[in-house]
Engineer: 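Shown below is the structure under consideration.
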Amino acid sequence: MTTWLSAGLLFTFTAIAFVLYRWGNIRCVGVTPVKTFTFIAILFTSGLDVGLIMFPLTEFAGYADLAASPEYGFTNPLAIEFGYWAFLIWGFYFLTCFYFCVIEPRVRFFEIPLVKIVNNVVIIGTCAFTAYLLLTNLPWYMPELGDGESIISSFYLIVFLVIAAAVYSSTNIRYVKILSLATTWLFLALIALMWGGAFLSETSSIGEFANTISMIGGYFGNIDEFFLPLNDYHEFYLYWWFAWSIMIGQFTSRFVGGLRTYQVLAAMLIFPSIPIAIWFSVLYYYSANGLETAGFYNIAMAFVGITFVINSLDSLIRLYTDNLNLSVARLGRVKYFLGNLIALSLLTLLFKLDFLQIQWVGAVVIGLFFTCFGYILFSKFTTVREIECSPKENEIDFTKIELVE
């Protein structure tokens, strides 16, 4: 699967370069535009999940173990973690966001019945994987409820309630704005809380924090190392990003509020990377200096992680139910709620049983990329070549989101 993944990566980066060359200065306007800060908040909180909060503290030691993984020797563990989560790979989201905002309304590839089915299977499967990640990480962050290793009934209950909250919030798109802004502020508050906690330790100083943050430069100095998979674990991450890319592009494209194409790319690469860099630097400082996070800090991280999951699932549930015409208006609130709750809960258990793998989902998405490209070349080449702007029916009206049910 490494060859397939590498082909997908090379195609994606080439396509990004072409989009910038051909349409870099056109204004991108979605069907429900919002102001730039709200767009970035929606992008950040919908485009990330619980792994951002819960993975790093469990991974730094592995990246530092060069005896077991010598391929990480070109830079430091903080730069590796940043490379797996930030900057370059947000280009995946840019490409799909631009496509669904500007090209798909003219091409309508994702309205082809078979493509629509595959696309929604991808979305539903990735929703379940997001809930599964929360389930498997809760024992480490909330050992007070168990032995710190086993998944007990309390954790299943927490995940079930999280899915229920996300399904309920997906019943109205206006909740997206509220959830995204609230999650963004909670995440920033968590960073400030743990940063402040580190300053209370005897070893901390502003200079040491500055030195820690400067280690992120190891990523930018070796960015070429991240264009192709470093090893199987990096491959897992990249497939995971591909799995998310189409659906996040579909969702966020609705909210672009008139930014030019190059500005959308800059917003997607830079703005999410800043809080990620600060957050990872704080966590790495804790890890490198042996500072404890057990108790209150772990609970705070778990709480913010849960808000990320609710936010992400809300966005994705709304997306696949719209695509499949399984709306609240059609099904009724009770059928909509119970149907999505049962389906996602069962699929989460399938990931727990190792029946499903996120790598398979990512591989299917790469297949969709290539198939869409072929469809454009052979059926819609002239249509796409003539594109000079966003669809004319999309107007910059920031009140539209308040009118959508």
Side-chain angles (χ1 to χ4, degrees), residues 15-16 18-47 90 93-111 116 119 169-181 184 245-272 311 314-325 327-330 372 376 380 382-405:
I16 291 170
F18 178 78
V19 165
L20 289 176
Y21 170 76
R22 176 63 181 83
W23 297 292
N25 204 41
I26 70 171
R27 289 194 178 277
C28 300
V29 183
V31 295
T32 317
V34 296
K35 295 181 180 179
T36 301
F37 180 78
T38 302
F39 170 70
I40 292 170
I42 291 172
L43 168 68
F44 182 71
T45 53
S46 300
W90 283 74
Y93 291 170
F94 160 75
L95 181 64
T96 54
C97 178
F98 176 85
Y99 172 83
F100 282 102
C101 182
V102 177
I103 299 177
E104 172 62 15
R106 280 77 172 226
V107 171
R108 303 192 182 282
F109 171 75
F110 283 85
E111 293 183 14
K116 179 179 284 191
N119 180 44
S169 66
S170 71
T171 59
N172 194 309
I173 199 169
R174 282 174 286 186
Y175 292 139
V176 171
K177 180 178 178 180
I178 299 170
L179 270 173
S180 298
L181 292 174
T184 299
S245 61
I246 285 183
M247 55 193 178
I248 295 301
Q250 284 177 269
F251 187 72
T252 58
S253 66
R254 303 176 176 190
F255 305 107
V256 186
L259 295 173
R260 297 190 182 276
T261 303
Y262 74 88
Q263 293 173 326
V264 175
L265 176 62
M268 288 188 164
L269 295 188
I270 297 171
F271 288 109
N311 199 97
D314 168 277
S315 306
L316 304 181
I317 293 168
R318 175 78 187 197
L319 183 60
Y320 75 71
T321 53
D322 279 356
N323 290 344
L324 296 174
N325 194 25
S327 65
V328 175
R330 182 185 174 203
C372 180
I376 290 172
K380 300 289 182 178
T382 301
T383 300
V384 172
R385 184 179 61 184
E386 293 175 350
I387 291 175
E388 298 295 340
C389 62
S390 294
K392 296 188 186 308
E393 61 270 21
N394 293 353
E395 299 177 350
I396 300 177
D397 180 356
F398 297 137
T399 66
K400 281 185 178 181
I401 194 169
E402 304 298 335
L403 303 176
V404 178
E405 294 296 329

Engineer: Does F271 CZ have over 12 foreign heavy atoms under 6.0 Å away?
Structural biologist: no
Engineer: Atom CG in L43, atom CH2 in W90: separation rounded to 0.5 Å?
Structural biologist: 4.5 Å
Engineer: Could you check if a side-chain atom of Y99 sits within less than 4.5 angstrom of a side-chain atom of I376, using non-hydrogen atoms only?
Structural biologist: yes
Engineer: Compare all side-chain heavy atoms of F100 with those of I246 and state whether any distance is below 4.5 angstrom.
Structural biologist: yes
Engineer: How close do V29 and G258 get, heavy atom to heavy atom, and via which atoms?
Structural biologist: CG2-CA, 4.0 Å
Engineer: Looking at CD1 of I26 and SG of C101, how far apart are the two atoms once the value is rounded to the nearest 0.5 Å?
Structural biologist: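 That separation rounds to 8.0 Å.
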Engineer: So, R260 side chain and N25 main chain: donor-acceptor pair closer than 3.5 Å or not?
Structural biologist: yes
Engineer: Hey, are the side chains of C97 and V256 touching, using non-hydrogen atoms and a 4.5 Å cut-off?
Structural biologist: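 They are in side-chain contact.
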Engineer: Salt bridge or not for R318 and D322, using N-O below 4.0 Å?
Structural biologist: yes
Engineer: Over 60° means perpendicular and under 30° means parallel, so tell me whether F18 and Y21 are parallel, tilted or perpendicular.
Structural biologist: tilted
Engineer: So, taking the atom named CZ in R385 and the one named CD1 in I387, what distance separates them when rounded to the nearest 0.5 Å?
Structural biologist: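 Atom-to-atom, R385:CZ and I387:CD1 are 12.0 Å apart.
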Engineer: Distance check, rounded to the nearest 0.5 Å: M268 atom CE versus T96 atom OG1?
Structural biologist: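 One gets 7.0 Å once the value is rounded to the nearest 0.5 Å.
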Engineer: For a 4.5 angstrom cut-off between non-hydrogen side-chain atoms, does L20 reach F94?
Structural biologist: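 Yes, at least one pair of side-chain atoms sits under 4.5 Å.
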Engineer: Distance-only, no hydrogens or angles: does the E104 side chain make a donor-acceptor pair with backbone N or O of F109 under 3.5 Å?
Structural biologist: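 Such a contact is found between E104 side chain and F109 backbone.
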Engineer: Return yes if some donor-acceptor pair links the side-chain N/O of R254 with the main-chain N/O of T32 below 3.5 Å, else return no.
Structural biologist: no
Engineer: Applying ring-ring contact (aromatic ring centres under 6.0 Å, His included) between F98 and each of Y262, Y93, W23, report the one that passes.
Structural biologist: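 With F98 as partner, ring-ring contact (aromatic ring centres under 6.0 Å, His included) holds for just one option, W23.
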Engineer: For the atom pair CG (L319) and OG (S170), what is the distance rounded to the nearest 0.5 Å?
Structural biologist: 11.0 Å
Engineer: Should T383 and R108 count as side-chain neighbours, where that means a heavy-atom distance under 4.5 Å?
Structural biologist: no
Engineer: N323 versus Q250: any side-chain heavy-atom pair under 4.5 Å?
Structural biologist: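 Heavy-atom side-chain distance check passes, below 4.5 Å.
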Engineer: Just verifying a value: how many Å separate L265 CG and L95 CG, rounded to the nearest 0.5 Å?
Structural biologist: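 Going from the CG atom of L265 to the CG atom of L95 covers 10.0 Å.
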